[in-house]
Structures are given as structure tokens and as C-alpha cells.
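The structure displayed is predicted, hence computed values, not measured ones. All chains are named by letter (A, B, ...) in the order of the sequence lines, taking the proteins before the strands, and each is independently numbered beginning at 1.
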Amino acid sequence: MLEINDLHVSVEDKQILNGINLTVNPGEVHAIMGPNGSGKSTLSNVLAGRSGYDTTTGRIQYQQQDLFELSPEERAHQGIFLAFQYPVEIPGVNNIYLLKAAVNAKRKANDEQEVDAYEFLELAKDKIKKLGIDKSFLYRDVNAGFSGGEKKRNEILQMMLLEPTLGILDETDSGLDIDALKIVAGGVNQLRNKDRSFILITHYQRLLDYIKPDFVHVLANGKIIKSGDYSLALELEKTGYGWIEKMEKVSQ
Amino acid sequence: MIALNESHYREQAHLAQAKQESLPWLMTLQQEALEQLLAQGLPNTRVEDWKYTNLKPLTKKLFTIQPASEQLSNITLPANAQTLVFNNGHFQQSLSSLENTKSISYHVLSQDTLDIKPDFTHELDDIVATLNTALLTDGLILTIKENSIIDTPIHIYHINTAEQGMSHLNHHIILEKNSEATIVEHHLGDNDNNYLSTIITNVHCFDNAKLKHYKIQCESMQAYHLASVRSRLRRDSQLQQFKFDFGSRLARTNNSVSLEQTGAYCQLSGLYITRKQQHIDNHTMIDHQVANTNSDEFYKGIIDDRSRAVFNGSVIVRKDAQKINACQSNKNLLLSEHAEIDTKPQLEIYADDVKCTHGATVGQLDEDALFFLSTRGIDKETARNVLTFGFAKDILQSISHEELRLNLEQLILAQLHLEHEQQELL
């Protein structure tokens, strides 16, 4: 589904990613872990299409297409979803209308019947119940005055409504208490199936207690330096990221 | 100063005065105004108060007073509303539906033998008023009687349909003790007609009166609109003012509120949306003359293309005017690198037990929000429009009259060129 080859990315002439290789097949959940500044968020932003990132070499294939040929909205229409680390507040724009517009933009692009306001409300009500969110949430301005946990749940609500093919969660667990974390994880687990894949970007192993990944990768200095299964996450929790620096020094 | 074509303005003033023959005191005042206008000319940009607004282009055309049109085909007036209609500066009885009742009375300068003399004592105080008075075409004296509560808005339409025409109106709106009303001034123009429209609105709120005053300026994109709004508030009276600037090539409003007696409160809200080569200038002045008076002022602007907006908001707190709360804010969204805003708060405080806050911001559309919307599949144009409307929207929130709010929302959406599909987001 997603194939990243030798990806080098720089921001304002500063090299951030130094040759990422990653293959994600349908139905797989990959966790990317790493210390602060290792390039985790750059990777998620590049996948979603944020401007300001220069890909110096390498390529990304998504469903047999060159990802860089697609605008952020086209990527969304084709099933890529990014849950933001810092969800933006949009005063004056109503949450439920944004959600409906997002769902219909995707449906329209895929020649599917758009949902009307009534159908959409029924759909949304079902999802918010699962996320333990109050109905008033739908009628507030997008993220305006939401608590940190509410913002993250709103991201997951969007993901559940958009039913992506590839969901990328950028540190969605940061700032969440244990109950909110369980709810968020529950949302992801409900969506897991044989065709849908996830990339979980996280600093801590905690999220992975609730969403069991198929693969764990360690990102440091813009490179995946180690890959393994869930046990690698447990090892990282025990040893921290200190050993990476040592390894870097040795390799130098 | 910018000199005016003397013979032309004498001739036009003569025409204007001829209409007021039954009001000799007014003719005398008009003559005085004319002499002052010709002697002073219009202020140039070296005058501090006109630093950012150049009136020179206004003198390049010789605008003339023209009669009302036979028909107003382009404009649909609302049915079942209380209306007063002025066309090319002349009152149109046949198009107006407001009636004199025991709660509301109105007089028009050009038609009535006035048994009351409106307060014209300040008509030569500023250049806009002087110009207006010298060339006055008509005016309204509208009184809401003591203890009357008028629930239905009263709409005053000012429609300019003459190319190179000019209209000069002077209105007095009087709310007697304990009365309440909503008054909506509409300023409309035909297509891209080039004309000059000046208007003075004098508002008097007596004890415990409550007025909601809307001014919706949708003149033609080639029009010059010069206005003074002067509100005087007595004991415990309240003024909520909503001012919208959408039209005009050049518009300038001198907007002053005098809080003259204890307990008086004003809330001024404004929104200007400027495009192309528009120039919109709002000068506001809130004068806290006595203790225990409060004011809130909240202006927002959306400035696009090569347009320019000016906001100058002064708040004066007089000596011994203690226990004052005054808040002022002016937020601007610049949508183009060629657009310009000049915003200046001016506080003059001569008392010590006073709480005054002010703030001005100038910003652009939030890149993070634009990216966020695009990752949710929303196209760039929609995202831009939706965020722009989101910026303007809170101005509407304090409008309690639902029909007015919805109409204004539609007007703003049209100004921002939001398509129906995009509107669904809001």
C-alpha cells in the first residue's frame, strides 16, 4: 500500500530525514518510535502533504501512485488521514459542518453518493457514542476552547467518519490521560481490518499497550535504525533512547 | 487644502437651498456652510485627521443634484416592513410604508412645514458636515415617543441611481424617555455608478432609551460616501451600533458617541470588507463625559486586493469621569500582499479610576488551519473562504434579531463570494 524508498527530506536547508525505507502492507499497523527531534513529525507531515518540506531524494509510492503528484486534498480523497499532534482551532467554523464537508468531499471525489444532513447526523451520533463524547461537541466551533483530550478525540472522530485506508496518528497519545488514551485506542482498534493500515507515531510505548502493532521501528537522526515486533517497544521502554546515541557514536 | 470649483458649487447650493424655502433658518445656515466650504476647501492629507484618506479624486468630477428616478427597477424593498425611502437624496413618500402613529412620528425637511426645529448647532463643526449642510437635499426627523417599544425594525433606504449625481442628507433620530427601537440605515447604489453621497445621522437617546442602530453601506463600487454619525446618550440609555462597510470606492465615517449622563452605555460593532481599489476609513470617537459610563467597541476588517482600510478609534475619559469601563478592539485580516490597513487606537484619559483596554491586530489566514482543512479533503478556495468567513462571523453573534442577522450573514457571504456548497460549512 505504502512504500517509502530512501527518503531524504530537508526543511530550510536543514536535513531532517536521511534515507527512510518503509513498506506498509494492507492491514498492518506500524509504530514509529524515537526521541524528540528524530524526524517523526516530519515524516507524517510529508505523508500528508504539508508544504515547506523539500524532498531531496527518494520516493513514496501510495497505492501504485507517486504520492508527491497528489495534493493534500487528493491524498485525503484517496484515503490518507493524518491525526494532528496539535489540532488547530478554527473559530467560526462549525464542527459538524466541517465533518460533513470532509466526508462529502471524499465521497464526491470517489463518485459516491453524498450524505445529507440527516443521514450524517445519525452517522456522527453513532461514532460519538463510541468515543464517549457529548453531542454538544458537534455544534461547537472546530476545536475552539476544546481541552487537549477533546481535541485528540475530535481527530479520532474525524478518522472514524472518514474511514481512511491509511491512518497516520502523530503523537495522538501525548497529553492524554489513561481513560482518554483507552478511548482513542478503542477507536483505532474498531477500524482495524485486513485492508486498512496505520502508522502510529509515538514517543512512548504506552499507546502500544492498547493498540498492538505488527511492527515497531526506531527512528533516530532521520533514519530507521532498528525494526522489530512489539517486543522492541517493550525493550525501548526499559532502556530508554540513550543507547541510540551510543550506537550513533560507535558508527561515527 | 483642496480647492473646489466655486461656480459649480454655488450653483448646486442654490438648487439645494431652493428646496428649503419654507425653512428660512435652514437656508441661512446653508449659505453660511457654503461660504465656509468654499473658503476652507476640502482637507488634504497633510491634515492629521485625513492623513490616510485623500479626497482629491472627489473634486475631479462635477457631481450634480439630480431628481429622484421614475422607477427603482434594480432594488427590491422588503414587503411587510416599516420603510422610509430616499432616492438620489429626496424622500419618496410613495415608496415608504412607515406611518405616523402615537408611538412613532416622522417629518421630512423637504415636505413638511416643521413645527419642531431640529438641532443643527453642530452642522459646521467638521468638513463632512459643512459640505453636507451647504448642499443639503433632504433630511428626516424620526421620533420614537416616550415609553414606546417598537419591536419591528424601521428601515431607512438611501438609494442612489444617478450617474454623477450627489445626495446630501441630514437625519435626526430621537428616542424619547424609556423608548426602544431598531433602526436600519441602508445605503445602496446602482451598479458601478460614480456619485457622491454624504449623510449626517444625529442620534439622541434620552433617559433609559434603548436603540439598536444598524448602518449597512452597500454603495456602488465607484461611489464616494462621506458620513458623520453623532450619537448623544443621556442617563441610563443604551446604544448598540452595528456598522457594515461593503461598498464605495472611498468611504469615510466620522462616528462619535457622547456618553453625557451617568449609566449611559454604548456598544459599537463594525465590519469592513474591502476589495479591488476600495478605500474605507472609519474614525470613531467615544467621549465619556461623566462618571459611571461604559463603552465597548469591536471592529473587524477583511482587506483584499489593492484595497486599503483605515481605523482610528479614540476614547476620551474626561476629568472626574470616574468608574469607567472602556474596551476597544480592532482586528484585521489581510488577504493580499498589496492590501493595506492603518489602525490607530487613541486613548485620552483624564480621570484615574478607569478601566480601559485596547488592542489592534493585523494578521493573515492561518497556514496551519488551511493545511488542516486540505488534509480533510477540502479544496483550497473553499478553505480560504471558510476561514475568512469564520473570522468575520463573531460580529454577527450579538445581533439578536434573527431576520436581520440572517440577511447580514447572506450579505457577508456574497461579499466573500462564497458558493452555496462552501456555505454549508458554516
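The minimum heavy-atom distance linking A/P72 with B/K380 is given by the pair CD-NZ, 4.4 Å. Nearest heavy-atom pair across A/A105 and B/G377 is CB-O, 3.3 Å.
Annotation: the span from B/R376 atom CZ to A/M159 atom CE amounts to 10.0 Å, rounded to 0.5 Å. A distance of 6.0 Å separates NZ of B/K393 from CG of A/N94, quoted to the nearest 0.5 Å. Taken to the nearest 0.5 Å, the CG atom of A/N45 stands 10.0 Å off from the OG1 atom of B/T375. To the nearest 0.5 angstrom, B/I378 atom CD1 is 13.5 Å from A/K106 atom NZ.
For A/Y53, the OH atom counts as densely surrounded, since its 6.0 Å shell holds more than 12 non-hydrogen atoms of other residues, nucleotides or ligands. Within 6.0 Å of CD on B/E403 lie no more than 12 heavy atoms contributed by other residues, nucleotides or ligands. When the shell of 6.0 Å around CZ of A/R107 is examined, it contains more than 12 heavy atoms from other residues, nucleotides or ligands. In this structure, B/K212 places its NZ atom where only 12 or fewer heavy-atom neighbours from other residues, nucleotides or ligands lie under 6.0 Å away. Other residues, nucleotides and ligands contribute over 12 non-hydrogen atoms within 6.0 Å of the CG atom of A/N193. By the neighbour-count criterion of 12 heavy atoms within 6.0 Å, atom CD of B/Q364 is sparsely surrounded, having that number or fewer from other residues, nucleotides or ligands. B/K331 NZ: 12 or fewer foreign heavy atoms inside a 6.0 Å radius. The neighbour count for A/Y139 OH, taken as heavy atoms of other residues, nucleotides or ligands under 6.0 Å away, is above 12.
Using a 4.5 Å cut-off between heavy atoms, A/V103 does not touch chain B at all. Proximity to chain B involves both the backbone and the side chain of A/R50, based on heavy atoms less than 4.5 angstrom apart. Of the atoms belonging to B/D368, heavy atoms from both backbone and side chain fall under 4.5 Å from chain A.
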**Study point:** side-chain contact (heavy atoms from CB on, under 4.5 Å) assessment of B/V386 paired with A/I90
**Key:** CA-CA 10 Å; B/V386 159; A/I90 312 186; 5.7 Å; no
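Side-chain contact between B/F372 and A/L98: present, with at least one pair of heavy atoms (C-beta onward) separated by less than 4.5 Å.
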